[in-house]
Amino acid sequence: MGEQAKFGKGCHLHLIDGSAFIFRAYHALPPLTRKSDGLPIGAVAGFCNMLHRYVEGNTGPDAPTHVAVIFDHSGKSFRNDLYDQYKANRPPAPEDLRPQFPLTRDATRAFNIACKEIEGFEADDIIATLACQARDAGGRCTIISSDKDLMQLVGDGVEMLDAMKNKRIDSDGVVEKFGVGPDRVVDVQALAGDSVDNVPGAPGIGVKTAALLINEYGDLTSLLDRAEEIKQPKRRQTLIDNRAQIELSRQLVQLDCEMELDFSLESLEVQDPDPETLMHFLADMEFRTLTKRIAEQLGVEAPVIAEAAPAKTEAAAPDELPFDVDSYTCVSDAAALNEWVAKAHKRGWIAVDTETTGLNEMQVDLVGISLCVEAGEACYIPLTHKKGASDDLFGSDDLAEGQMGLNEALDILKPMLEDPAIIKIFQNAKYDCKIFKRYGVSVAPIDDTMLMSYAMNAGEHNHGMDVLSERYLSHNPISIKTLLGTGKSAITFDKVPLEDAVKYAAEDADITLRLWQKFKPQLHQKQVTTVYETLERPLVPVLSEMEMHGVLVDRDTLSRMSNSFAQKMAGFEAELHEMAGKPFNVQSPAQVGQILFEDMALEGGKKTKTGQWSTPADVLEDLAATHDFPARVLDYRQLQKLKSTYTDALQDHIDPDTGRVHTSYSQTGANTGRFSSNDPNLQNIPVRTEEGRRIREAFVAAEGNKLISLDYSQIELRILAHIAGIDTLKQAFRDGHDIHAMTASEMFDVPLDQMTPDVRRQAKAINFGVIYGISAFGLARNLRIPRGEAQDFINRYFERFPGIRTYMDDTKAFAKENLYVQTLFGRKIHMPQINAKGPHAGFAQRAAINAPIQGTAADIIRRAMVRMPEAIKDLPAKMLLQVHDELIFEVSEDAVEDTISVARDIMQGAAEPAIKLDVPLVVDAGIGDNWAEAH
DNA sequence: GACATCACG
DNA sequence: GACGTACGTGATGTCC
């Protein structure tokens, strides 16, 4: 440090406003991506060009002797402690810009220019402090920026330079801009405020008026003290009323010239870049032109950049960094943890994984947290592991040694996990976010490798970590079973010895980070960034909240129904044994089949592929027309289903703490974009039979509330009408006609006023069949008509609506060509089986026809759900459940109508503005004390 | 753990 | 010309 000459007279410091460079570069260039992997790189390219042009231009007597690029540190600054709304209305950095922030630091260092940022301060403060130091030492300083907030620093050897316009700004320039000299800029800004930074200022006073006042009264303090003297009554009152706010504003705009810096002016001395380092960086970024140009100037050989690197989509390249579970570290004190937090700040991202005592997010305890910022470098923070059970079979409740306190760790992690400038990366973020939420941490923003995979590869494979790691990293992770065991002897994670836990948990974070690095650029390449960012990622907090809120279920209602079912079933069982002439297990399809088709020798029995007699409901229904036995079996089966799956099982899912049922939605469960619901499944609660529907009476609103249900009417048919472009159908929807009756009328030439329910029913079956990729066989079975007749129906339908056949043929052809189909919103559903030969071919083709329709409907309700929390935030209403085309809310009695109105608008307009459908979306609403009434 | 059955959209 | 099919899910019980 002592080698450099002292900064003083004759020295000239240049300070570059790094953030301004980045944003200017970002907006000036198209969204370039790195050829080999699609990493967004446009802002870095522009940044490097600007930096290079700047260095090139620094010749002659006025060249700087010292230089630094100053960046804003991610996260909040001390100004947020003064005013929590400071810069609060600033939108987050664009998605494709964020990963470029750290790269611009790397670029600065590659050019061998000092690169500075300090936590808790803005770049402007560092610039202010350095400028003052330079001035005090008798040297000069040029600030390369056009930010008006820096103009207060101008004067006495400090100037600004607008690099784009190549215009210097001195004291006169400041007067031109603010109407006052640099020393009064702060006063003017305090009065005028700043909408960009959300500095309030004095209402109704702009720069012009502010300058007028300051020039008249000398300075801000005098002005405020003598505010009574102001002639204009309104202006006078404003200043008197808002004195505190104006003084706060002054604090906000006043830059800190006296920061403690851990580097000296001397350390910023201009140095030549190291050609090798610079070349390596530029080549790594694949900047072909710039690399060549700078290589020539430096007189070195330009490194070769492969023209078209092989697409790295599937298996990992063999030369990738191997996994080494022994390299992972165990973090057990605050100092070590703080280092990891610092790494996250530096990088702007961090992969996080939580370990818990089980899978039920509402009940389990946090056991530890693993982190990873750089591939191959991961740690585990054990928090509540229990002491080993060396000779005590039951283990111990005492905490194991070598762990930091849970609260201490969370206190350190919370600001980072909530920092808007740091992306937290998870595999299945919803799980971890719910856990963190229970510990008072609201994690944001996030990325989720599971959802990225789903957006890119739905239909190709599942999206669990094991599958993804195997497929994309060629690595088999440690199996959780080897740590926990299986079945009855399985232990919970808090009983796992620390050294094993570190390897397993840290590896998961490492895998997550590596998957993210691999997937991120692929999202662009596969053109699903919008799907991921608008239809997948924003749902994580929405679903988390719905799941955590849960739905109130009345245990007594269920319990009474269970008892009633049990009684009836016992009666049916006795009857059935009597009829069979022997006791048998009514729940065994094999035994029922034997009795029906062997003992009773009934006709029409078919066998399943395993050789058993097949006894599904439709077969038994046919037999029930003539025999009591199959009719009774059906009765029994219905009650058995209701009891075991619903009235019994649902009670076990009532959370002991909340008294409510908390389902879990799987965002990646259905390939079409639908959600699935599990533990328990609340998307298949009975409704079609009277008996079953009564189960919904147990789903109730809390005291003083109502349940409301809003469902899309015929959404899939509407989408079909739009996509296939069927004018008659579209018009019918626009006119609000009964679509099935209309179809029947068109097909069978029956006037609407002479429509019979049976003809309408047949048309309805055809309409549904079309959505499913109609076949004569399927329609025949559904309508119980001969196959030839079904084929006639279908032919007539296609004749009447030729657009439908075109849509089906086009969709099939598209799928065969591309191996995927698409929704209106760009969601891709892969169809790897579409070109299969043989009997399976039909399956894939029908799925291909159905997927765009079902998927588009799923996209639309997803869009509604993403917008819903903001829309209802001021209403006493909560969104509880989603059942594919229906949303259920719990709402205070006095806000029922308002909520319906708001939620309906959101749902009906959910396709817009992305898509303007040719058909209206209609949402029906129901209200009740329970779900049966509301539906 | 595979299979059959049945609940939903 | 025969093959065997409606599309998408999850939970439960039997049986091996």
Side-chain angles (χ1 to χ4, degrees), chain A residues 458-459 486 584-593 606-621 633-634 636-650 652-653 663-666 668-689 691-693 695-696 711-717 720 765-783 787 790 794 821 829 837-855 857-858 861 881-886 935:
Chain A
T486 52
F584 69 99
N585 187 349
V586 188
Q587 298 194 105
S588 164
Q591 294 181 34
V592 168
K606 286 205 182 103
K607 295 205 171 172
T608 66
K609 61 183 164 192
T610 55
Q612 275 189 59
W613 287 109
S614 169
T615 65
D618 53 348
V619 171
L620 297 192
E621 274 163 28
V633 172
L634 285 170
Y636 181 92
R637 277 190 185 168
Q638 191 198 7
L639 296 186
Q640 155 70 18
K641 180 78 177 182
L642 295 179
K643 182 171 187 293
S644 69
T645 310
Y646 300 104
T647 57
D648 286 352
L650 226 35
D652 299 334
H653 281 287
T663 184
S664 180
Y665 289 99
S666 168
T668 60
N671 291 334
T672 52
R674 275 193 179 177
F675 300 144
S676 69
S677 156
N678 58 55
D679 299 304
N681 182 354
L682 295 186
Q683 290 183 320
N684 70 346
I685 303 302
V687 71
R688 290 173 186 172
T689 66
E691 199 131 41
R693 189 155 50 236
I695 289 172
R696 295 189 172 214
D711 70 292
Y712 284 108
S713 165
Q714 312 279 16
I715 187 166
E716 292 191 349
L717 272 178
L720 175 69
I766 296 169
N767 276 335
F768 273 98
V770 168
I771 290 169
Y772 296 152
I774 199 159
S775 76
F777 186 93
L779 182 63
R781 206 180 62 165
N782 190 284
L783 286 177
R787 208 161 125 190
I794 293 171
V821 292
I829 299 120
K837 298 278 175 250
H840 279 307
F843 277 110
Q845 289 176 14
R846 289 191 295 270
I849 290 165
N850 174 258
I853 303 169
Q854 189 181 117
I861 198 167
L881 302 173
Q882 189 250 41
V883 193
H884 309 308
D885 62 0
E886 174 188 15
H935 186 76

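Keep in mind that this is a model prediction, so the values were computed, not measured. Just the heavy atoms: all of them, side chains too, but no hydrogens, waters or symmetry mates, feed the values below.
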Practice task
Using a cut-off of strictly less than 4.0 Å, decide whether A:R674 has a side-chain nitrogen or oxygen near OP1 or OP2 of B:dG9.
Solution key: no

Practice task
Would you tell me if any nitrogen or oxygen in the side chain of A:S588 comes within less than 4.0 Å of OP1 or OP2 on B:dT5?
Solution key: no

Handout entry: Note, A:R846 side chain near A:Y772 side chain (heavy atom, < 4.5 Å)
Key = no

Exercise for the section: Side-chain contact test, heavy atoms from C-beta onward, threshold under 4.5 Å: evaluate it for A:L634 versus A:T615 and give yes or no. Expected result: no

Pairwise [atom1] distance for [N] and [M], with rounding to whole Å:
| N | M | atom1 | result |
| --- | --- | --- | --- |
| B:dA4 | C:dA6 | P | 13 Å |
| B:dT5 | C:dT5 | P | 13 Å |
| C:dG4 | B:dC8 | P | 30 Å |

Problem - Under 3.5 Å side-chain donor-acceptor pair for A:Q683 and A:S676 - result: no

Problem - Test item: side-chain donor near acceptor, A:Q854 and A:H884, under 3.5 Å - result: no

Please work out if [X] contacts a base, only the sugar-phosphate, or nothing of the nucleic acid, heavy-atom cut-off 4.0 Å.
| X | answer |
| --- | --- |
| A:N684 | base |
| A:T645 | sugar-phosphate |
| A:N782 | base |
| A:Q854 | base |
| A:R688 | base |
| A:A649 | sugar-phosphate |
| A:G842 | nothing |
| A:L779 | base |

Problem - Closest to side chain of A:T615, choosing from B:dT5, B:dA4, B:dC8 - result: B:dT5

Problem - N-O pairing of A:E716 and A:R674 below 4.0 Å - result: yes

Completion exercise
Students should find that the nucleotides of DNA chain C closing off the region near chain A, any atom under 4.0 angstrom from a heavy atom, are C:dG4 to C:dC15

Problem - Atom-to-atom span, NZ of A:K606 to P of B:dT5 - whole angstrom - result: 13 Å

